Amino acid sequence: MAVKTVIEALREGLWEEMKRDERVIVLGEDIGIQGGVFRLTDGFVQEFGEERVIDTPLAESLIVGAAIGAAMNGLKPVAEIQFADFIYPAVDQIINEAAKIRYRSTSNYSCPIVVRAPYGGGIHGGLYHSQSLEALFSHIAGLKVVAPSTPYDAKGLIKAAVRDVDPVIFLEHKKTYRLIKGEVPEGDYVVPLGKADVKRQGKNITVVAYGLMLHYSLEAAEAVSRDGIDVEVVDLRTLRPLDKETLLSSVKKTGKVIIVHEDSKFGGFGAELSATIAEEAFDYLDGPIVRVTAPDVPAMPYSPPLEDYCMPSPEKIAGAIRQLAAY
Amino acid sequence: MAVKTVIEALREGLWEEMKRDERVIVLGEDIGIQGGVFRLTDGFVQEFGEERVIDTPLAESLIVGAAIGAAMNGLKPVAEIQFADFIYPAVDQIINEAAKIRYRSTSNYSCPIVVRAPYGGGIHGGLYHSQSLEALFSHIAGLKVVAPSTPYDAKGLIKAAVRDVDPVIFLEHKKTYRLIKGEVPEGDYVVPLGKADVKRQGKNITVVAYGLMLHYSLEAAEAVSRDGIDVEVVDLRTLRPLDKETLLSSVKKTGKVIIVHEDSKFGGFGAELSATIAEEAFDYLDGPIVRVTAPDVPAMPYSPPLEDYCMPSPEKIAGAIRQLAAY
Amino acid sequence: MAHMRNKAESAGRATKVKTKHKELGLTREKLLDMYEKMLLPRMISERMWRMLRQGKLLFVVSSEGHEATGVGTAYALNMGSDYIVHYYRDLSVVLAAGMTVKDVMLQVFGKADDPSGGGRELPGLFCSSKLRLVSTSSPIAVQLPHAAGIALASKIKGEKIVTITYFGDGATSKGDFHEALNFAGIHKLPVIFVCENNKYAISVPQSKQMAIENVADRAPGYGFPGVVVDGNDVLEVYRAAKEAVERARNGLGPTLIEAKTYRYAPHTSNDDGVRYRTQEEIEEWKKKDPIEKFKQYLKEHGILSEALEKEIRAKLEQQIDEAVDFADKAPLPKPEDALTHVYAEPRR
Amino acid sequence: MAHMRNKAESAGRATKVKTKHKELGLTREKLLDMYEKMLLPRMISERMWRMLRQGKLLFVVSSEGHEATGVGTAYALNMGSDYIVHYYRDLSVVLAAGMTVKDVMLQVFGKADDPSGGGRELPGLFCSSKLRLVSTSSPIAVQLPHAAGIALASKIKGEKIVTITYFGDGATSKGDFHEALNFAGIHKLPVIFVCENNKYAISVPQSKQMAIENVADRAPGYGFPGVVVDGNDVLEVYRAAKEAVERARNGLGPTLIEAKTYRYAPHTSNDDGVRYRTQEEIEEWKKKDPIEKFKQYLKEHGILSEALEKEIRAKLEQQIDEAVDFADKAPLPKPEDALTHVYAEPRR
Ligand SMILES: Cc1ncc(C[n+]2csc(CCOP(=O)(O)OP(=O)(O)O)c2C)c(N)n1
Ligand SMILES: Cc1ncc(C[n+]2csc(CCOP(=O)(O)OP(=O)(O)O)c2C)c(N)n1
Ligand SMILES: [Mg+2]
Ligand SMILES: [Mg+2]
């Protein structure tokens with residue numbers, strides 16, 4: 001198997017889906033001749049033409065709104081938001097429209113769109129090129145929310161998202177794009193939505209993560225294993241619908257859990273994970289449910305010392321693991 | 001003291017603030033001659049004139065964006081979003097701008113706006129006139145989020161919000177507007193932001209709520225008291241910054257907690273309450289942290305049986321209390 | 001220029017009034033059908049207000065005054081293949097598109113068998129995949145990007161299908177209006193934007209919504225024509241819509257049609273509608289009632305008689321009676337039905 | 001009409017070229033000051049690219065090509081009392097507004113003493129309450145409603161203060177552009193909208209952004225004038241801005257100024273800038289370099305000599321050297337400073 005980066009895997013998955021199904025179109029800012037600011041759609045317009053690879057005006061609400069319309073008329077649009085930080089103007093279209101079309105019409109219409117958005121920090125992007133937005137979307141019934149961490153999952157999940165018949169918010173951690181490499185099979189395979197994956201088996205403590213933080217958590221697990229702490233690392237992969245079974249059975253096994261995300265803490269996605277566990281696995285818990293997250297500031301600042309302070313790191317995760325293990 | 005409704009109390013508070021400080025302006029759809037679709041600003045344009053009571057075009061992003069600009073130029077704008085469901089087009093202005101102006105400019109500029117939004121269901125409003133949006137905003141550092149439940153608090157909190165030097169999202173449960181009555185002092189007083197209030201003392205179980213659900217929780221507490229269950233009811237009043245002290249000390253006292261809100265469950269505001277408790281009061285817990293909420297559907301449907309099914313009720317809350325008490 | 005047709009030209013046409021429908025290719029049958037489809041929503045609206053007062057309905061949004069705008073545009077379409085994206089003021093469009101009175105009544109009563117969505121949406125928002133009547137919602141202007149996207153898909157698929165979308169004057173202030181028209185202009189999409197300008201967004205008059213006289217004047221900024229039309233004259237509306245549909249179907253791109261009209265009733269049953277408009281203004285507009293105007297035309301041309309008018313009214317009255325009776329007796333949704341259709345049901 | 005000044009008129013003006021600055025009331029000192037303020041951002045930008053290659057900077061966004069647009073508009077303002085709402089392409093505006101080179105360098109280096117925000121924002125986004133340079137951000141077009149709101153407040157307070165805001169061609173596609181201009185038109189706000197049309201939104205050419213030739217043609221749809229101006233001719237920009245500022249200050253409402261210009265460098269240091277523009281196009285525009293053009297004018301009028309030019313450059317070079325040195329040595333923020341300024345600090 002070839003070793004690929006996350007962005008290569010995503011590009012390959014999306015390319016194959018466009019080959020497979022001519023109803024798939026992509027639209028967004030700079031995705032044509034520029035190939036996207038991250039080059040994920042490099043070569044797409046040359047292969048699939050300007051009708052299926054649409055450079056839109058700078059208008060996020062329109063990008064998603066037009067995708068919704070095209071989806072109601074039988075296409076399978078994959079909309080790119082250049083940075084997740086710029087998705088807010090489209091949240092009305094995503095939350096009030098895409099998420100509710102099937103529900104309000106009792107399936108007279110459905111809205112099979114994918115909205116891809118590069119998110120996350122640690123890349124000197126400052127306040128407006130580093131944000132994590134999974135809490136916002138994973139709260140919304142009617143949406144599915146995906147956040148892959150490895151190249152293998154990235155390719156399989158983007159294919160599953162394109163084939164899904166409901167709206168999917170597909171969050172790609174931009175720092176993983178070129179940093180994370182892994183084996184990716186040639187050709188077609190799918191990683192189903194709604195299934196978490198235990199990326200490391202362990203029996204003392206469960207660490208739950210996704211995206212870049214999955215890799216930092218694995219590093220931390222490795223570090224503390226030298227102290228004899230045996231950590232299980234659960235990669236959620238899909239945040240909504242949540243794979244409660246995998247999550248809860250890991251927690252029930254270890255009795256201790258640390259939730260890691262890069263977004264700020266208060267009301268972040270980790271809150272729901274914690275609440276689910278506190279409600280459904282309370283009797284199995286041997287300690288508080290701990291969250292390792294960014295501090296509660298409006299966004300991640302640009303200057304490196306400030307950015308570093310905000311980003312959870314393998315060291316911070318390892319510290320939390322050691323502390324909880326000693327509880 | 002005069003007995004007033006929630007909407008009368010809010011109107012009085014806002015009126016007094018406009019009298020007190022001529023920098024206060026109000027802007028929004030239909031707030032002038034119409035006095036607002038709920039009549040909260042009835043008579044305002046006659047008293048304060050069209051310069052300070054501005055009927056805007058139908059454009060939520062502009063309403064908040066212009067308020068931000070006016071605030072940066074020394075005014076104290078109170079923006080009305082006609083229904084909270086229609087605030088999504090303004091979330092970019094609220095989250096990316098209002099919440100971050102002080103932070104990104106290290107207080108070169110600040111953004112003292114109030115955004116008022118009637119929210120909540122149970123009024124046959126259907127999918128787009130019933131939504132609860134506190135989860136979205138309370139996640140955002142830089143914002144304050146307020147949700148009063150009684151006329152007394154409503155007047156005192158709106159005054160505190162107007163006087164605050166940072167952006168405040170002020171969520172008014174529209175069903176409480178005319179349903180809930182209570183004593184409201186004449187003249188000036190303030191209920192400080194960031195302080196919860198124990199609305200009923202009890203020792204067996206803590207119920208945490210806000211808005212309309214506070215009243216349903218009090219009803220439920222009354223009902224179960226006949227079964228000998230002594231319930232403490234905490235009214236959060238401000239959701240961000242959260243009064244952790246009041247919350248945690250109640251939980252530490254009772255050892256059992258039920259969180260009630262009208263919004264759907266997964267990733268709702270209750271998740272953060274649960275997570276805070278699971279992290280900071282774990283050792284005091286005698287049972288799972290239970291949430292009573294709407295089911296995980298995109299929004300509350302119109303037809304009465306469907307709406308009733310979605311709304312938490314005193315009966316459902318009482319049921320949950322009995323079950324947890326028996327744990 | 002913004003206006004394809006100015007006042008002088010319309011006045012010119014008025015002299016040709018006798019041959020107008022022939023010039024437009026409309027037969028006697030078609031004209032009577034149009035008349036019926038204008039009368040029906042008016043009569044349904046009146047019935048709904050009555051039922052509201054009787055406590056049989058919880059909420060009413062009605063379309064009295066907008067009938068010529070709705071019917072004149074809808075009749076320019078190929079029904080069942082063209083896409084219709086309406087808003088809550090469009091009962092006449094919805095009926096013209098083929099919704100039955102029963103379907104309408106099931107919707108406004110919020111009954112289980114409401115084909116638009118099982119009682120989930122507020123009364124006044126309809127949909128049918130069969131009729132290509134697109135699912136729409138309460139938030140203003142969100143449907144405009146959808147219409148552009150539907151038209152984009154038709155263009156990509158190479159189908160000669162047109163999309164029409166409706167909205168009020170209030171909607172023109174929103175970002176989505178701008179973004180949708182701009183996109184449609186760039187790609188010369190087969191889409192028609194119909195602004196039903198009734199001078200108010202609830203209570204806010206046009207002068208507080210925009211600094212210009214005609215919404216249509218914005219079309220040149222998007223690179224396609226804008227037309228102002230008397231929204232109370234069904235034949236003039238039809239003429240403008242037909243031209244726009246032809247342009248769209250022939251790949252010449254979008255048109256913005258601004259139909260000047262008036263809503264007679266309050267905004268909804270939650271509005272008393274008295275603070276922001278004078279009684280005189282309402283009376284002034286009642287003199288221009290689109291149904292009266294069309295009736296006059298039909299009588300002048302010997303197409304409608306008093307007797308026929310009576311007959312039509314009686315027929316519609318009966319249809320409404322039956323539909324109300326049917327919908328009234330139909331079952332409400334089961335509470336736990338609230339949980340369905342969040343996602344596609346898993347295949348079995 | 002959209003254009004206050006068409007090509008024929010500008011051509012006509014060209015014959016009066018000798019007296020242009022006098023006609024505009026600009027003294028020799030002022031002209032040299034303007035020239036310096038155009039040269040300075042150019043030289044700073046060049047230095048930033050060099051520092052990027054040396055690994056001294058992490059990110060660069062620069063304004064080469066936009067200097068006439070920035071300086072021509074900014075010099076029409078009352079500095080220190082009028083409000084300036086810029087975007088990232090406006091280093092020339094920011095310097096004209098009174099930011100020092102040191103302040104700029106502290107910002108782009110992300111240092112603790114960066115007066116714009118202690119290193120929090122990406123390089124290129126400045127602010128100063130003292131200079132009335134408003135805090136702005138990366139998302140496109142969000143600042144337009146702010147500018148309208150600032151102008152609204154000035155109007156309400158009865159102050160004769162003008163607000164100017166800047167944005168690119170890309171920004172005109174966004175809803176916030178539409179909503180802000182519409183609102184400004186309704187209330188005749190004292191605000192000037194300056195579109196720096198450099199033909200591209202990153203890689204997306206104007207033809208994929210709008211179906212029209214001139215952004216300024218949208219202004220009539222908002223009820224106020226739109227002006228197209230050669231954005232590389234600082235005196236023509238100044239003329240248009242002065243007229244707009246006067247209009248605004250006298251209560252006559254907004255103006256939309258479209259300055260046609262070009263960015264010479266890639267979008268930012270994350271863009272290679274080669275896929276979407278031809279080398280010929282870039283060269284063509286380099287012939288119209290706004291600094292060269294102004295230099296020519298100043299030389300023709302005996303205001304600038306080679307010797308003076310050299311002197312100015314040397315002075316600026318030294319300023320930049322000193323500022324870079326200063327900023328380079330300045331301390332970075334302390335990590336935990338990230339926690340401050342989320343809310344107002346409690347009064348002590
Ligand atoms: C985004 C949004 N904001 C506010 C509302 C509340 N609202 C409902 S209808 C309406 C006025 C709409 O006016 P217009 O577009 O002219 O349509 P009309 O009702 O006059 O036909 C308003 C403000 C809404 N539905 N959506
Ligand atoms: C809302 C939003 N969407 C996307 C981006 C990413 N982005 C940054 S600059 C830019 C192009 C802006 O073009 P234009 O307005 O013409 O300004 P220019 O850079 O050409 O001066 C884009 C798409 C953004 N910053 N904000
Ligand atoms: Mg209207
Ligand atoms: Mg540009």
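So you know, we letter chains A, B, ... as the sequences are listed, proteins then strands, and number each from 1. From a predicted model like this one, the values you see are computed outputs, not experimental measurements.
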Part of [X] lying under 4.5 Å from any heavy atom of chain C:
X	value
Q209(D)	backbone
F183(D)	neither
I212(D)	side chain

| request: Output the residues of residues 154-175 of chain C for which the shortest heavy-atom distance to chain D is under 4.5 Å, in residue-number order; output 'none' if no such residue exists. | output: T172(C), S173(C), K174(C), G175(C)
Once you round to the nearest 0.5 Å, how far does [atom1] of [X] lie from [atom2] of [Y]?
X	Y	atom1	atom2	answer
Q206(C)	I186(D)	CD	CD1	10.0 Å
L181(C)	M210(D)	CG	CE	15.0 Å
N182(D)	R218(C)	CG	CZ	4.5 Å

| field | E213(D), CD: over 12 other non-hydrogen atoms inside 6.0 angstrom | value |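 No - once you tally the heavy atoms of other residues, nucleotides and ligands closer than 6.0 Å, there are 12 at most.
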| task | Against chain D, work out which of S207(C), A211(C), G223(C) has the most heavy-atom pairs shorter than 4.5 Å and name it. | result | A211(C)
